[in-house]
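Each remark here refers to the structure printed beneath this line.
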Amino acid sequence: MNINIRKAEEKDASFLAEMILQSTRAGKKYGIFDLVFPSKDDAKVKHCIEQLTISSAKNHCHYTNFLIAEVDGKSVGTLCSYEPRISNQEAFMAALDETGCEHASLDDLDILRECDFGLNNRTLMFDFMEEINGFEDVGILKALMQKSLLTARLKGYRIAQTIVEKGSLEILLDYKKLGFKEVREKECELYKEKFGRSGLILLSIDF
């Protein structure tokens, strides 16, 4: 199978929104963007996420942070890598305002602060590593990660990290297969209350 990895473009906004929502729900009924955009209409939530990916504020969901995997010209997977010093909380809130969608306020998003690991702003972060149904275990995620790490190395990075929900066994295993190791765990009562998961796990890779 020939897997092509390319940089995401603005035209990919709809696919990116689908993958972001799939990633944050991670097998749950609700994810963080169901809290950010309080609507029971999936189409509306996806539309609002789509606006985040193309906002002028370069938040962590911005399309320029993404790589897309293609097979036979079809988009089949995504991986986001971003620099927290650029794609920070201020950029995220500015992007939310740009969407034109009703969204939670900073005070409503206490969960983001309570469950924060206090990471180094110069650490490269990975997120939204996803593949569509039917393309599991064919090397999509490995190809995305290899390309992302190569790009990161060229930028001078030697360490990258990601955060996974406790209980998300499949995605945790995927990251470990790619060489990530568990660094810290954080119990988070508010996270458990909102999403039914007891907390988060920080993983890291040296490359």
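Not measured: the values here are computed from a predicted model.
Side-chain contact between Tyr63 and Asp12 is absent, with no heavy atoms from C-beta onward closer than 4.5 Å. Cys188 places none of its side-chain heavy atoms less than 4.5 Å from the side chain of Leu200. Annotation: side chain of Tyr82 is in contact with side chain of Asp127 (closest heavy-atom distance under 4.5 Å). Between Ile111 and Phe195, some side-chain heavy-atom pair lies under the 4.5 Å cut-off. Contact annotation: the side chain of Leu21 approaches that of Ile49 to within less than 4.5 Å [non-hydrogen atoms, C-beta and beyond]. By the 4.5 Å heavy-atom criterion applied to side chains, Leu149 and Phe126 are counted as neighbours.
Each of Ile159 and Met125 belongs to its own hydrophobic cluster when Ile, Leu, Val, Met, Phe, Trp and Tyr are linked at side-chain heavy-atom distances under 4.5 angstrom. Leu190 and Ile201 fall within the same hydrophobic cluster, defined by Ile, Leu, Val, Met, Phe, Trp and Tyr side-chain heavy atoms under 4.5 Å apart, directly or through other members. A continuous path of Ile, Leu, Val, Met, Phe, Trp and Tyr side chains, each step under 4.5 Å between heavy atoms, connects Met145 with Met1, placing both in one hydrophobic cluster.
Closest approach of Ile205 and Phe207 over heavy atoms only: O-CD2, 3.8 Å. Across every non-hydrogen atom of Phe128 and Ser23, the tightest pair is CA-OG, 3.5 Å. When every heavy atom of Ala43 is checked against every heavy atom of Asp41, the shortest pair comes out as N-OD1, 3.0 Å. Here the closest heavy-atom approach between residue Ala13 and residue Thr53 is recorded as CB-OG1, 3.3 Å. Taking each heavy atom of Lys58 and Asn65 in turn, the nearest pair found is CE-OD1, 3.6 Å.
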Less than 3.5 Å apart, which donor and acceptor atoms pair up between the side chains of residues 130-141 and the rest of the protein, not counting sequence neighbours?
from: Glu130; atom 1: OE1; to: Gln22; atom 2: NE2; distance (Å): 2.6
from: Glu136; atom 1: OE1; to: Gly134; atom 2: N; distance (Å): 2.9

Would you give me the side-chain donor-acceptor pairs under 3.5 Å for residues 68-76, sequence neighbours excluded?
from: Glu70; atom 1: OE1; to: Asn4; atom 2: ND2; distance (Å): 3.2
from: Glu70; atom 1: OE2; to: Arg6; atom 2: NE; distance (Å): 2.8
from: Glu70; atom 1: OE2; to: Arg6; atom 2: NH2; distance (Å): 3.3

Residues 174-182, side-chain donor-acceptor partners within the protein, below 3.5 Å, at least two apart:
from: Tyr175; atom 1: OH; to: Thr162; atom 2: OG1; distance (Å): 3.3
from: Lys176; atom 1: NZ; to: Glu182; atom 2: OE2; distance (Å): 2.7

Report, one line per pair, each donor and acceptor closer than 3.5 Å where one atom sits in a side chain of residues 88-99; sequence neighbours left out.
from: Asn88; atom 1: OD1; to: Glu90; atom 2: N; distance (Å): 3.3
from: Asn88; atom 1: OD1; to: Ala91; atom 2: N; distance (Å): 2.9
from: Asp97; atom 1: OD1; to: His103; atom 2: NE2; distance (Å): 2.9
from: Glu98; atom 1: OE1; to: Ser56; atom 2: N; distance (Å): 2.9
from: Glu98; atom 1: OE1; to: Ser56; atom 2: OG; distance (Å): 3.1
from: Glu98; atom 1: OE2; to: Ser56; atom 2: N; distance (Å): 3.4
from: Glu98; atom 1: OE2; to: Ser56; atom 2: OG; distance (Å): 2.6
from: Glu98; atom 1: OE2; to: Ala57; atom 2: N; distance (Å): 3.1
from: Thr99; atom 1: OG1; to: Leu96; atom 2: O; distance (Å): 2.6
from: Thr99; atom 1: OG1; to: Cys101; atom 2: N; distance (Å): 3.1

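Looking at Thr78, its side chain never comes within 3.5 Å of a backbone N or O of Leu67 through a donor-acceptor pair. A donor-acceptor pair under 3.5 Å links the side-chain atoms of Lys186 to the main chain of Asp116, judged by distance alone.
Residues satisfying the side-chain contact (heavy atoms from CB on, under 4.5 Å) criterion with Ser14, sequence neighbours excluded, are Glu50. Evaluation of the side-chain contact (heavy atoms from CB on, under 4.5 Å) rule for Asn2 yields no partner, not counting sequence neighbours. Take Leu202 and apply the side-chain contact (heavy atoms from CB on, under 4.5 Å) test, not counting sequence neighbours, and it matches Phe117, Leu119, Gln161, Ile163, Val183, Arg184. For Asn59, the side chain to side chain donor-acceptor pair (under 3.5 Å) partners at least two apart in sequence or on another chain are Ser55. Residues that satisfy the salt bridge (Lys or Arg N to Asp or Glu O under 4.0 Å) test with Lys166, not counting sequence neighbours, are Glu185, Glu187. Not counting sequence neighbours, Lys40 has no partner by the side-chain contact (heavy atoms from CB on, under 4.5 Å) test.
Rounding to the nearest 0.5 Å gives a distance of 14.5 Å between CD1 of Ile54 and NZ of Lys11. How far CE of Met19 is from OG1 of Thr24: 11.0 Å, rounded to the nearest 0.5 Å. Note that the CD1 atom of Ile20 and the CZ atom of Phe33 stand 6.0 Å from one another [nearest 0.5 Å]. Distance check, rounded to the nearest 0.5 Å: CD of Gln51 to CZ of Phe37 gives 9.0 Å.
Heavy atoms of other residues, nucleotides or ligands lying less than 6.0 angstrom from NZ of Lys28 number more than 12.
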With disulfide bond (SG atoms under 2.5 Å apart) as the test, would you mind laying out the steps for Cys61 and Cys80 before giving the verdict? CA-CA 8 Å; Cys61 299; Cys80 170; over 6 Å; no
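Residue pairs meeting the side-chain hydrogen bond (donor to acceptor under 3.5 Å, both in side chains) criterion with at least one partner in residues 145-158, sequence neighbours excluded, are Glu83-Tyr157. Applying the side-chain hydrogen bond (donor to acceptor under 3.5 Å, both in side chains) test to residues at least two apart or on different chains, the pairs with a partner in residues 190-207 are Glu165-Tyr191, Glu165-Arg197, Ser168-Arg197.
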